[in-house]
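A short worksheet on the structure shown next.
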2 protein chains.
Amino acid sequence: MTNLFLMTRSEENYIKTIFHLGGSDSVPVATNAIAEQMETKPSSVTDMAKKLADKGLVHYKKYQGVSLTEIGIKTALSIIRKHRLWEVFLVKKLDFTWDEVHEVAEQLEHIKSEKLIDKIDELLDFPKYDPHGDPIPSKDGKFMVRDKELLSDLEVKAGGVCVGVKDTSAPFLKFLDKNGIALGKTIEVLEKEDFDQSLHIKIDQSELHISHQIASNLYVKKNN
Amino acid sequence: MTNLFLMTRSEENYIKTIFHLGGSDSVPVATNAIAEQMETKPSSVTDMAKKLADKGLVHYKKYQGVSLTEIGIKTALSIIRKHRLWEVFLVKKLDFTWDEVHEVAEQLEHIKSEKLIDKIDELLDFPKYDPHGDPIPSKDGKFMVRDKELLSDLEVKAGGVCVGVKDTSAPFLKFLDKNGIALGKTIEVLEKEDFDQSLHIKIDQSELHISHQIASNLYVKKNN
DNA sequence: ACAAATTTTTAGATTTGCCTAAATTTATTT
DNA sequence: AAATAAATTTAGGCAAATCTAAAAATTTGT
């Protein structure tokens with residue numbers, strides 16, 4: 001019966017991290033993994049795990065890792081919904097670039113006002129995906145997982161539309177910008193280099209050579 | 001040389017409160033006054049006063065009250081700027097009513113991103129006043145104090161335009177809404193009741209009887 | 001001016017969220 | 001199946017922001 005409105009920022013960040021590490025599938029997430037992801041110490045994670053368990057947000061048994069309860073999952077989705085809607089807002093309404101949005105959205109996602117986020121949703125015309133191609137959960141926590149695959153997994157001659165990125169770090173996103181790679185662009189694999197798995201691709205009109213590292217962080221939706 | 005970006009939410013709230021209580025004019029504000037305004041205890045205020053003094057944001061001498069330094073004033077204005085711009089955003093872009101904005105703006109004012117607030121400012125077309133008629137400081141901390149007076153101070157037959165409210169509480173604002181009183185409306189004093197200082201006023205086309213309590217919380221700009 | 005009232009500060013706790021270092025449990029090797 | 005390694009928890013502490021209760025300074029009233 002935990003009121004989601006009284007969660008601290010720190011609690012919300014833990015819930016979000018556990019969700020992202022897969023703790024929603026009742027597959028528990030390791031203390032160490034959470035600590036690493038959050039750049040904190042395992043002992044701090046243990047402390048928080050106990051607190052969140054008391055509040056009914058996670059399942060926690062000593063030495064067995066942490067997974068989200070149903071309420072925990074709902075909470076996580078609500079935070080992620082806010083994060084991604086704010087990202088869309090920043091890009092669409094305030095002309096932020098997609099490498100600038102994350103840091104600010106990390107703050108905005110903790111603003112407590114149901115009306116606020118619903119109105120932002122409406123202002124943006126109920127977007128389904130954020131600027132990195134990740135799906136935005138609806139108010140009731142549902143979202144579509146779009147079928148997509150890594151560009152690095154396509155065969156030669158295959159192609160599709162760029163629909164998302166795996167790495168969302170600023171350097172990577174800036175690289176993409178600089179090379180004209182963006183969501184919605186059409187990509188075709190012209191050639192794969194066996195030696196280092198680098199790719200020769202066609203993007204819109206121009207051609208480009210990209211490393212495996214790049215290709216394995218780009219999602220495409222294959223055409224038929 | 002305090003970096004404004006590393007202020008805690010609590011520190012920002014103290015600075016803002018001291019500003020509103022008049023501590024910018026080197027007239028010190030009493031510990032108790034701050035405590036009452038912030039619904040906290042005087043001893044907590046003392047603690048914070050010391051901390052803010054260490055950071056160079058306030059002048060503080062034991063038993064002598066607190067006033068803002070120049071840096072403190074700049075900080076206060078920057079927070080107030082954010083608060084008021086967010087209020088305009090909520091009303092103009094998200095259809096919040098003027099009694100709903102304060103609580104959410106209290107949260108949004110603490111978001112740390114210079115680019116964000118500048119873009120919001122731009123999106124709103126650089127507004128000069130917030131939804132309650134209070135001036136919005138510019139980026140460099142300047143703002144116009146509009147000349148205005150309390151409706152309760154006007155003589156009979158005098159009139160003007162409603163430009164602001166003193167009390168910004170939700171009940172008061174809802175009362176105004178219900179009675180068709182809003183910023184920009186033309187008001188004329190038809191009659192003053194000596195007994196209880198209540199007023200008979202004309203607002204746009206209709207007539208209305210309001211108590212002194214109401215009139216003394218409404219600002220008007222007298223017409224020449 | 002001096003006693004009483006008020007205001008303000010100090011001292012000592014509490015809570016949250018984090019830390020380090022040591023102990024414990026679980027997992028991996030050989 | 002020990003022994004070793006790795007992961008996790010416990011214990012004890014720290015800083016921020018608050019509180020209560022008691023002490024100290026200031027202000028007020030007569």
Side-chain angles (χ1 to χ4, degrees), chain A residues 2-18 21-23 27-68 72 75 79 106-107 109-110 112, chain B residues 2-18 21-23 27-68 72 75 79 106-107 109-110 112:
Chain A
T2 304
N3 185 343
L4 305 185
F5 277 61
L6 356 141
M7 291 192 67
T8 66
R9 186 166 296 232
S10 184
E11 286 169 345
E12 289 190 348
N13 283 332
Y14 272 96
I15 291 294
K16 197 177 49 150
T17 301
I18 295 163
L21 291 175
V27 180
V29 175
T31 303
N32 268 8
I34 299 169
E36 191 180 355
Q37 181 72 28
M38 299 191 69
E39 298 185 295
T40 183
K41 302 294 165 183
S43 55
S44 306
V45 176
T46 301
D47 286 349
M48 185 57 86
K50 287 174 182 168
K51 197 205 291 194
L52 293 175
D54 283 349
K55 291 198 169 193
L57 293 161
V58 303
H59 299 293
Y60 170 64
K61 281 217 198 78
K62 275 196 194 184
Y63 298 104
Q64 311 290 255
V66 183
S67 63
L68 295 175
T75 306
I79 301 164
E106 285 283 302
Q107 298 181 61
E109 74 189 2
H110 300 292
K112 263 83 174 172
Chain B
T2 303
N3 186 342
L4 306 185
F5 277 61
L6 356 141
M7 292 192 66
T8 66
R9 185 166 298 232
S10 185
E11 286 168 347
E12 289 189 348
N13 284 331
Y14 273 95
I15 292 294
K16 200 177 45 148
T17 301
I18 296 164
L21 291 175
V27 181
V29 175
T31 304
N32 267 9
I34 299 170
E36 190 181 353
Q37 181 72 26
M38 300 191 67
E39 298 186 293
T40 183
K41 301 294 165 184
S43 55
S44 307
V45 176
T46 301
D47 286 350
M48 184 57 86
K50 288 174 183 168
K51 197 205 293 194
L52 294 175
D54 283 348
K55 292 197 170 194
L57 293 161
V58 304
H59 300 294
Y60 169 65
K61 281 215 200 79
K62 274 195 196 184
Y63 298 102
Q64 312 290 244
V66 183
S67 63
L68 295 175
T75 305
I79 301 164
E106 285 285 301
Q107 299 181 60
E109 73 188 3
H110 300 293
K112 263 82 175 174

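Reminder, nothing fancy here: chain letters follow the sequence lines and each chain counts from 1.
- Contact between the side-chain N/O atoms of Asn32(A) and the OP1/OP2 oxygens of dA6(D) is not found at any separation under 4.0 Å.
- Along DNA chain C, the nucleotide nearest to Pro42(A) and the one nearest to Ala30(B) differ in position, and the one closer to the 5' end is contacted by Ala30(B).
- With rounding to whole Å, Glu39(A) atom CD is found 15 Å from dC19(C) atom C1'.
- Distance from the side chain of Asp47(A) is smallest for dC18(C) among the nucleotides dA16(D), dC18(C), dT9(C).
- Judged by closest nucleotide on DNA chain C, Val45(B) is the one of Arg9(A) and Val45(B) placed further toward the 5' end.
- Look at CD on Glu36(B): it is 10 Å from P on dT7(C), rounded to the nearest Å.
- Following rounding to the nearest Å, Met48(B) (CE) and dT8(C) (C1') show an atom-to-atom distance of 17 Å.
- Atom pair Lys61(B):NZ and dT9(C):P shows a separation of 13 Å (rounding to whole Å applied).
- Put simply, the side chain of Gln37(B) does not reach to within 4.5 Å of the side chain of Lys16(B), judged on heavy atoms.
- The structure places OG1 of Thr31(A) at 6.0 Å from OH of Tyr60(A), a figure rounded to the nearest 0.5 Å.
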What pairs of nitrogen or oxygen atoms, one from the protein and one from nucleotides 20-26 of chain C, lie under 3.5 Å apart?
unit_1  : atom_1 : unit_2   : atom_2 : d
dT20(C) : O4     : Ser43(A) : OG     : 3.0
dT25(C) : O4'    : Tyr63(A) : OH     : 3.3

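- Inter-residue side-chain proximity for Val58(B) and Ile15(B) is flagged as met; some heavy-atom pair is nearer than 4.5 Å.
- More than 12 heavy atoms of other residues, nucleotides or ligands lie within 6.0 Å of CD in Gln107(B), so this atom counts as buried by the packing criterion.
- Proximity of Leu57(A) to Met7(A): side-chain heavy atoms (C-beta onward) are separated by under 4.5 Å at one or more points.
- At the phosphate of dT18(D), OP1 or OP2 sits under 4.0 Å from a side-chain N or O atom of Tyr14(B).
- Between Thr46(A) and the phosphate of dT10(D), there is no side-chain N or O to OP1/OP2 separation shorter than 4.0 Å.
- Checking the phosphate oxygens (OP1, OP2) of dT18(D), a side-chain nitrogen or oxygen of Ser10(B) falls inside 4.0 Å.
- What separates NZ of Lys50(B) from P of dT8(C) is a distance of 14 Å, to the nearest Å.
- The distance between atom CD1 of Ile34(A) and atom P of dC18(C), rounded to the nearest whole Å, is 13 Å.
- Glu11(A) pairs by the salt bridge (Lys or Arg N to Asp or Glu O under 4.0 Å) definition with Lys51(A), Lys55(A), not counting sequence neighbours.
- Computed from coordinates, the Glu11(A) CD to dC18(C) P distance equals 10 Å when rounded to whole Å.
- Put simply, the side chain of Met48(B) does not reach to within 4.5 Å of the side chain of Met38(B), judged on heavy atoms.
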